[in-house]
**Q** 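Encoded as structure tokens, here's the structure I'll be asking about.
The first residue of the sequence shown is numbered 1, and numbering continues consecutively from there.
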Amino acid sequence: MPLVQPHHVIVGHGGLVMGNPGDRPYPTDPISAPKSDERLKNVRVGIIDTGISADASGEHSDWFDGRYAKEADDVDAAYSSGDNFALQGGHGTFVAGVIQNAAPGVSFDPEAGLDPNGFGDEERICAKITELGKKKINLLNLSLGCFTEDDVASEPLRRTIEALPRGVVVVASAGNQGTQRPSWPAALCGVTAVAAAQQERDGSIGPAFYSNWGHWVDACAIGNRASTYLKGEWQLPGEPGATPFALWAYWYGTSFAAPLVTGRIAATMVADGIDAGQARDKLLSGPEFHPGYGVFVK
């Protein structure tokens with residue numbers, strides 16, 4: 001008999017494939033692009049997220065120009081109305097910037113698997129994973145996840161990821177509910193699950209209060225980051241005024257710890273002349289940072 005599960009489209013992170021920010025974005029000052037490493041052009045990263053801003057290569061030319069192929073269905077709709085951002089509008093552009101900051105010059109392929117509110121479903125995510133698997137990527141970043149009712153792995157996600165070409169390293173965010181409950185696809189065997197760490201007031205690094213954690217987590221990185229964003233205004237329903245943004249944002253969550261690890265794997269590949277799996281294994285060869293948080297990646 002085939003294994004049958006619900007199709008996970010229930011509202012809320014408990015049953016929904018969605019992005020993993022820990023809070024709302026905040027405006028921040030512009031960030032200078034790091035010096036590009038030409039060797040990274042030959043490393044290709046797939047990013048399944050909300051897509052990328054319509055003019056990312058123009059508005060953030062030092063970060064993105066010439067580093068990805070523009071496709072109409074990759075554009076992040078981003079706005080709920082006018083210049084008002086949807087709840088996770090710009091999430092994919094932010095993630096792409098984090099990867100570029102860690103691996104400046106790396107080639108990437110953004111795909112819109114989530115809507116601007118951060119919602120998606122297994123069918124669409126699996127279709128995008130399969131599509132990227134045909135494009136000769138080295139790494140796949142999934143800053144998204146879901147819970148299942150019985151905490152058994154999402155079978156569509158498991159089978160789709162296992163069907164990727166040999167050698168593709170998948171990195172996924174662990175989620176932001178502060179629980180040990182496994183989030184999928186991060187908790188799948190073979191997927192590099194990334195939790196978040198944070199800098200404390202005394203300057204030390206500790207586990208982020210919002211991050212999921214557990215025996216299934218492989219690594220952690222600082223989740224509080226500034227990165228590339230869009231122009232517009234962000235406002236929660238019922239708030240008295242909107243917050244304006246001018247292409248840059250500060251945001252936190254395991255969504256942004258995961259792409260740092262993805263970028264560091266890419267950078268290690270070219271620095272050491274090794275493949276993605278070997279680079280991942282090298283980064284994860286250190287001691288456990290904190291029980292349930294895996295190895296800390298700078």
**Q** Treating Q278 as the side-chain partner and K282 as the backbone partner, does any N or O pair qualify as donor plus acceptor under 3.5 Å?
**A** no
**Q** Under a single-linkage rule joining Ile, Leu, Val, Met, Phe, Trp and Tyr whose side-chain heavy atoms are separated by less than 4.5 Å, which residues share a cluster with I205?
**A** W213, I222, F289, Y293, F296
**Q** As a test of understanding, state which of N20, N212, N141 forms a side chain to side chain donor-acceptor pair (under 3.5 Å) with S173.
**A**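 The residue from N20, N212, N141 that satisfies side chain to side chain donor-acceptor pair (under 3.5 Å) with S173 turns out to be N20.
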**Q** Between T254 and G175, is there a donor-acceptor pair closer than 3.5 Å when you use the side chain of the first and the backbone of the second?
**A**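 Judged by distance alone, yes, a pair lies under 3.5 Å.
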**Q** Mark yes or no for whether N176, through its side chain, and P21, through its backbone, hold a donor-acceptor pair below 3.5 Å.
**A**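 It does hold such a pair.
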**Q** Identify the heavy atoms of V295 and G286 that sit nearest to each other, and give their distance.
**A** CG2-O, 3.3 Å
**Q** Do the non-hydrogen side-chain atoms of K135 and L132 ever get within less than 4.5 Å of each other?
**A**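 They are in side-chain contact.
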**Q** Whether the side chain of N117 engages the backbone of F119 through a donor-acceptor N/O pair (distance < 3.5 Å, no angle test) should be reported.
**A**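 Looks like no, no N/O pair under 3.5 Å.
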**Q** For L260 versus V98, what's the shortest heavy-atom pair and its separation?
**A** N-CG1, 3.6 Å
**Q** Testing the basics here: between N138 and A276, what is the closest heavy-atom pair and its distance to 0.1 Å?
**A**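 Answer, listing the atom of N138 first, then A276: O-CB, 3.7 Å.
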**Q** Is S61 reaching over with its side chain to a backbone N or O of D65, donor-acceptor style, under 3.5 angstrom?
**A** no
**Q** Under 3.5 Å, is there a donor-acceptor pair between the side chain of D74 and the main chain of G51?
**A**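 Side chain of D74 to backbone of G51: no pair is present.
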**Q** Would you mind reporting whether R67 and V106 have side-chain heavy atoms less than 4.5 Å apart?
**A**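 The answer is no; the side chains never approach within 4.5 Å.
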**Q** Check the pair W248, S227 against side chain to side chain contact (heavy atoms under 4.5 Å, CB included), reporting the backbone distance first and the verdict last.
**A** CA-CA 6 Å; W248 304 94; S227 187; over 6 Å; no
**Q** Near K136 NZ, under 6.0 Å, is it more than 12 heavy atoms from other residues, nucleotides or ligands?
**A** no
**Q** Would you say R280's side chain and I265's backbone share a donor-acceptor pair under 3.5 angstrom?
**A** no
**Q** Would R44 and D109 count as a side chain to side chain contact (heavy atoms under 4.5 Å, CB included) if you check the C-alpha gap in whole Å, the side-chain angles of each, and the deciding distance to 0.1 Å?
**A** CA-CA 7 Å; R44 190 173 181 84; D109 192 332; 3.2 Å; yes
**Q** Would you please classify the geometry between the Y252 ring and the Y210 ring as parallel, tilted or perpendicular, with 30° and 60° separating the classes?
**A** tilted
**Q** Are the side chains of L87 and L236 in touch, meaning some heavy atoms are under 4.5 Å apart?
**A**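 Yes. Closest side-chain heavy atoms under 4.5 Å.
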**Q** For a 4.5 angstrom cut-off between non-hydrogen side-chain atoms, does P182 reach D151?
**A**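 P182 vs D151: side chains touch.
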**Q** Are I52 and F108 close enough that some pair of their side-chain heavy atoms sits under 4.5 Å apart?
**A**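 Yes, close enough: below the 4.5 Å cut-off.
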**Q** Is K41 salt-bridged to E38, going by a charged N under 4.0 Å from an acidic O?
**A** yes
**Q** Got a second to check how far Q100's CD is from H60's NE2, nearest 0.5 Å?
**A** 12.0 Å
**Q** Are the side chain of S204 and the backbone N or O of E200 linked by a donor-acceptor pair below 3.5 Å?
**A** no
**Q** Testing L139, L164, T192 one by one against V170 for a side-chain contact (heavy atoms from CB on, under 4.5 Å), which residue passes?
**A**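 Single pass found, and it is L164.
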**Q** For residues I48 and L114, determine if any side-chain heavy atom of one lies less than 4.5 Å from a side-chain heavy atom of the other.
**A**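 No - every pair of side-chain heavy atoms lies 4.5 Å or more apart.
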**Q** Would you indicate whether the side-chain heavy atoms of N224 and Q199 approach each other to under 4.5 Å?
**A** no
**Q** Answer yes when R158 and E155 have at least one side-chain N-carboxylate O distance shorter than 4.0 Å, and no when they do not.
**A** yes
**Q** Listed by chain and number, what are the ring pair (Phe, Tyr, Trp, His ring centres under 6.0 Å) partners of W251, not counting sequence neighbours?
**A** H91, F94, Y229, F256
**Q** Roughly how far, to the nearest 0.5 Å, is the NE2 atom of H215 from the CD atom of Q180?
**A**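 So the gap between those two atoms works out to 8.0 Å.
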**Q** Please list, chain by chain and in numerical order, all residues satisfying side-chain hydrogen bond (donor to acceptor under 3.5 Å, both in side chains) with Y79, sequence neighbours excluded.
**A** none
**Q** Is a side-chain N or O of D37 found less than 3.5 angstrom from the main chain of A103, in a donor-acceptor match?
**A**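 No, D37 side chain to A103 backbone: no donor-acceptor pair under 3.5 Å.
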**Q** Below 4.5 Å, heavy atoms only, C-beta onward: do C220 and P207 meet side chain to side chain?
**A** no
